[in-house]
2 protein chains.
Amino acid sequence: MTQDICQVTIINQQRIAQARKQMPDDTTLVEIAETFKLLGDPTRVKILQALAVTELCVCDLAALLEMTSSAISHQLRLLRARGIVRFRKQGKMVYYALDDSHVQTLVEVSLCHVTEC
Amino acid sequence: MTQDICQVTIINQQRIAQARKQMPDDTTLVEIAETFKLLGDPTRVKILQALAVTELCVCDLAALLEMTSSAISHQLRLLRARGIVRFRKQGKMVYYALDDSHVQTLVEVSLCHVTEC
DNA sequence: CAAACATGTGAGCAACTGTTCAATTGAAAG
DNA sequence: CTTTCAATTGAACAGTTGCTCACATGTTTG
């Protein structure tokens, strides 16, 4: 037996209508959530912070974060898929860099948020 | 057998040192990730978007998002724990509202990001 | 008081996530 | 060509997440 959605008063129904009117469409909301989800992992945040300073190869990132390059590579794959980082091959190495100013802004605002600045 | 962290060249070690120097401390990075993780769910993004428009009770949110009030309540609990929303009791009902301007900024930037504005 | 109702909460469960491990690819060096 | 090494990839596995369901709490109303 599923729980029924409750009945609301007339006043609140107006508020609901107002909120619904200003709500972005579902696809947009899901994309927003997916963007945040991508930033919602310590490893990926560290990668982005590092790449905000300088271009680095997978190997460098692995050394910096003290993780296996496999783990880093898996995360870079996700960031690449979203167009957040770009890469450039140089021999055996692959250098990664940030490729999205919005994301950098997001991280900065968030940093400001947690450090109460 | 764990995979060894690779040896990097001198040049890249300097870059790593540079990146490490500018890297916020680990606690801060984890908190940033946790903030983003909290925003990284469609249900919670919808709740925040709705509350950005107007104060709403759990019941209203459940009706607006077409979900059970239990599910909404679980999510509000997380948002409350992070101080992102505040609430006010009025009889049986509990009205929720946004309580964090940074978060609203984050959602706005992200909306701008996904809509290419 | 009892009934009705909005909300909160804990257990359980299916789906997802991040890492490890093993194997592969591709480029540089012997 | 063979070896070496950076990077990638897929499978597997443990840990996490978001929802449902059942129940508890607290408030209003009869």
Side-chain angles (χ1 to χ4, degrees), chain A residues 1-9 11-13 16 29-30 33-34 36-47 55-82 85-97, chain B residues 1-9 11-13 15-16 29-30 33-34 36-47 55-82 85-96:
Chain A
M1 223 180 304
T2 67
Q3 190 170 336
D4 283 336
I5 290 169
C6 73
Q7 305 300 322
V8 293
T9 68
I11 292 173
N12 289 356
Q13 277 192 348
I16 291 170
L29 289 165
V30 169
E34 275 173 8
F36 283 130
K37 191 177 288 182
L38 209 50
L39 301 176
D41 174 76
T43 300
R44 289 191 292 269
V45 170
K46 287 175 195 171
I47 290 175
E55 183 187 55
L56 290 167
C57 66
V58 178
C59 195
D60 294 337
L61 285 166
L64 176 60
L65 306 193
E66 295 178 342
M67 295 176 63
T68 64
S69 45
S70 174
I72 300 291
S73 189
H74 276 297
Q75 299 299 354
L76 285 170
R77 187 171 183 270
L78 299 175
L79 295 172
R80 236 169 34 207
R82 274 258 147 188
V85 299
R86 70 185 134 80
F87 64 100
R88 147 181 100 74
K89 296 189 180 179
Q90 182 180 309
K92 279 184 291 193
M93 266 107 77
V94 180
Y95 281 88
Y96 282 84
Chain B
M1 223 179 303
T2 66
Q3 191 170 334
D4 283 336
I5 290 169
C6 73
Q7 306 300 322
V8 293
T9 68
I11 292 172
N12 289 355
Q13 277 193 346
R15 285 198 204 173
I16 291 170
L29 290 165
V30 169
E34 276 173 8
F36 282 130
K37 189 178 288 181
L38 209 49
L39 301 175
D41 174 75
T43 301
R44 288 192 292 268
V45 169
K46 287 175 195 170
I47 289 174
E55 184 187 53
L56 290 167
C57 66
V58 178
C59 193
D60 294 338
L61 286 166
L64 177 60
L65 306 193
E66 294 178 342
M67 296 177 64
T68 64
S69 44
S70 174
I72 301 291
S73 190
H74 276 297
Q75 300 299 355
L76 285 171
R77 187 170 182 270
L78 300 175
L79 296 172
R80 235 167 34 205
R82 273 259 146 190
V85 299
R86 70 184 133 80
F87 64 99
R88 146 181 100 75
K89 296 191 179 179
Q90 183 178 310
K92 279 184 292 193
M93 265 106 77
V94 179
Y95 281 90
Y96 282 84

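Letters go in sequence order (proteins before strands), and every chain restarts at 1.
Considering only residues two or more places apart in sequence or on other chains, A:R77 meets the salt bridge (charged side-chain N to carboxylate O under 4.0 Å, His left out) condition with none of them. In this structure, B:S73 has no side-chain contact (heavy atoms from CB on, under 4.5 Å) partners at least two apart in sequence or on a different chain. Residues satisfying the salt bridge (charged side-chain N to carboxylate O under 4.0 Å, His left out) criterion with B:R80, sequence neighbours excluded, are absent altogether.
Using a 4.5 Å heavy-atom threshold, the side chains of A:R88 and A:E55 count as touching. Using a 4.5 Å cut-off on side-chain heavy atoms (C-beta onward), B:L38 and B:E34 make no contact. The shortest distance between side-chain heavy atoms of A:N12 and B:C57 falls below 4.5 Å.
Distance CG (B:L56) to P (C:dT7): 11 Å, rounded to an integer number of Å. We find that CD1 of B:I47 is positioned 12 Å from P of C:dT7, with the value rounded to whole Å. The distance from atom NZ of A:K46 to atom P of C:dG18 is 13 Å, rounded to the nearest whole Å. Between A:K89 atom NZ and D:dA7 atom C1' the separation is 9 Å, expressed in whole Å. Straight-line distance from the CE atom of B:M93 to the P atom of D:dT29: 11 Å, rounded to whole Å. Between the CG atom of A:L65 and the C1' atom of D:dA7 there is a distance of 16 Å, given to the nearest Å. For the pair A:L39 CG and C:dG18 C1', the interatomic distance rounds to 16 Å; values are reported in whole Å. Distance A:L64 CG to D:dA6 C1': 17 Å, rounded to the nearest Å.
Side-chain N/O atoms of A:T68 include one lying less than 4.0 angstrom from OP1 or OP2 on C:dT20. Applying the 4.0 Å criterion to OP1 and OP2 of C:dG8, one finds that B:Y96 has a side-chain N or O inside that range.
Here CG of B:L61 is found 5.0 Å from CG of B:L56. Values are rounded to the nearest 0.5 Å. Of the inter-residue distances, the one linking B:L39 atom CG with A:K37 atom NZ reads 12.0 Å to the nearest 0.5 angstrom. Of the inter-residue distances, the one linking B:R44 atom CZ with A:L29 atom CG reads 14.0 Å to the nearest 0.5 angstrom.
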Full working for side-chain contact (heavy atoms from CB on, under 4.5 Å) between A:L78 and A:D41
CA-CA 12 Å; A:L78 299 175; A:D41 174 76; over 6 Å; no

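Listed by residue number, A:S73, A:H74, A:R77 are the residues of residues 71-79 of chain A with a heavy-atom contact under 4.0 Å to DNA chain D.
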In the 5'-to-3' direction, what one-character label does each nucleotide of nucleotides 12-17 of chain C receive under the scheme B = base within less than 4.0 Å of a protein heavy atom, S = sugar-phosphate only, - = no such atom?
-----S

How does protein contact run along nucleotides 24-30 of chain C, one letter per nucleotide 5' to 3', with B for base contact, S for sugar-phosphate only, - for none, heavy atoms under 4.0 Å?
--BBS--

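With hydrogens and angles ignored, no donor-acceptor pair under 3.5 angstrom links the side chain of B:S70 to the base of D:dC19.
Nearest heavy-atom pair, B:A62 versus B:I72, reported as atom, atom and distance to 0.1 Å: CA-CG1, 3.8 Å.
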